[in-house]
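As structure tokens, the structure follows; a few thoughts come after it.
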Amino acid sequence: MECGPVGNDVELLCKTLQFEHKLFYFDLKENPRGRYLKISEKTSATRSTIIVPVDGIVWFINLVDYYINTDEHEAFSKELKIDSKVFYFDVGENKRGRFLKVSEASVSRNRSTIIIPAGSSGEEGWIAFRKILLEINEEASRLYIVSNQQSVEPSEHHPRLSDDVGAGFISGHVSQPASSSYLNIDRLIELPLHDEMGRLGLSKVIRVDQKRFFFDLGNNNRGHFLRISE
DNA sequence: ACGGCTC
């Protein structure tokens, strides 16, 4: 396991993905302002980094999904607004092949960009990238519960929680135990009013051009699901 | 071993 240099921020977990001649570093970090995922693309000559707030990880997963599942010439550019940042997703193609470009624009920094190759046989680069994000999202949700409960032994005292709660869907200022707020989702998810869910912090919205896409987490006895509505 | 990159 290779972790980047550690400053004041705490490293929670590190992963790497090597694809073609690029090396991607994924570092989940924490500081007093919150948690974020640092994604760096390293080649022999260059290194570029984007910083994704934890709440953005699930939307990254979803957007990578979109590009994996969308036909080559029907994939639109997308933008994702999180906090004060905007991430731009674009597909491109050149003689080396297809790639997904993810750019971060924030007020204070210069724009930074990572480029994820699709790969030569299908989209295995994007699929591998998504897999890492899924792993991080799952592990981050466990870490979230651990720190939120401030319990030294969460696996003994809260054995069910870690599998039931996804990161990013529980707002940071929930004062109730995560389990009780979570149990309400089944009823709330049936409500057709998106603004009602938005008010309760249970829905996320991505605006693309004139459209708005709503992402809502739910579960039932069949398992977990993410509902996307336009 | 590449190499892509308006916001």
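Proteins come first, then strands; the chains are lettered A, B, ... in the order of their sequence lines, and each starts at number 1.
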**OP:** Provide, to the nearest angstrom, the distance between the CG atom belonging to Leu100(A) and the P atom belonging to dG4(B).
**Re:** 16 Å
**OP:** May I ask you to evaluate whether Ser44(A) reaches the phosphate of dC2(B), defined as a side-chain N or O under 4.0 Å from OP1 or OP2?
**Re:** yes
Original post:
How long is the line joining CH2 of Trp126(A) and P of dG4(B), in whole Å?
Top reply: 17 Å
**OP:** Return the value, rounded to whole Å, for the distance between atom CD1 of Ile116(A) and atom P of dC2(B).
**Re:** 19 Å
Original post:
Taking for each residue the nucleotide of DNA chain B with the nearest heavy atom, is it Asp90(A) or Arg96(A) whose nucleotide lies nearer the 5' end?
Top reply: Arg96(A)
Original post:
Roughly, in whole Å, what's the span from CZ in Arg98(A) to P in dG4(B)?
Top reply: 18 Å
Subject >> Atom-to-atom span, CD of Glu20(A) to P of dG3(B) - whole angstrom >> reply: 12 Å
Subject >> Ring geometry between Tyr67(A) and Phe89(A) (parallel below 30°, tilted from 30 to 60°, perpendicular above 60°) >> reply: parallel
Original post:
Nearest-Å distance, CG (Asn110(A)) to P (dC5(B))?
Top reply: 18 Å
**OP:** Among dC5(B), dC7(B), dC2(B), find the nucleotide with the atom closest to the side chain of Ile115(A).
**Re:** dC5(B)
**OP:** Can you tell me the distance, in whole Å, between the NZ atom of Lys101(A) and the C1' atom of dT6(B)?
**Re:** 7 Å
Subject >> Earlier contact from the 5' end, DNA chain B, for Tyr88(A) and Pro117(A) >> reply: Pro117(A)
Original post:
For dG4(B), does either OP1 or OP2 sit under 4.0 Å from a side-chain N or O belonging to Lys22(A)?
Top reply: no
Original post:
How close or far is atom C1' of dA1(B) from atom CD of Gln18(A), stated in whole angstroms?
Top reply: 12 Å
**OP:** With heavy atoms under 4.0 Å as the rule, sort Ser103(A) into base, sugar-phosphate or nothing.
**Re:** nothing
**OP:** Indicate the atoms forming the closest heavy-atom contact of Lys81(A) with Val86(A), along with that distance.
**Re:** CG-CG2, 4.2 Å
**OP:** Take atom CG of Asn110(A) as the centre, draw a 6.0 Å sphere, and report whether it contains more than 12 heavy atoms from other residues, nucleotides or ligands.
**Re:** no
Original post:
Which heavy atom of Ile51(A) sits nearest a heavy atom of Phe87(A), and at what distance?
Top reply: O-CZ, 3.1 Å
Subject >> Distance (rounded to the nearest 0.5 Å) between Ile50(A) CD1 and Ile114(A) CD1 >> reply: 4.0 Å
Original post:
Under the 3.5 Å rule, do the base of dG4(B) and the side chain of Glu93(A) count as making a donor-acceptor pair?
Top reply: no
**OP:** Please determine if a side-chain N or O atom of Arg111(A) lies less than 4.0 Å away from the OP1 or OP2 oxygen of dC7(B).
**Re:** yes
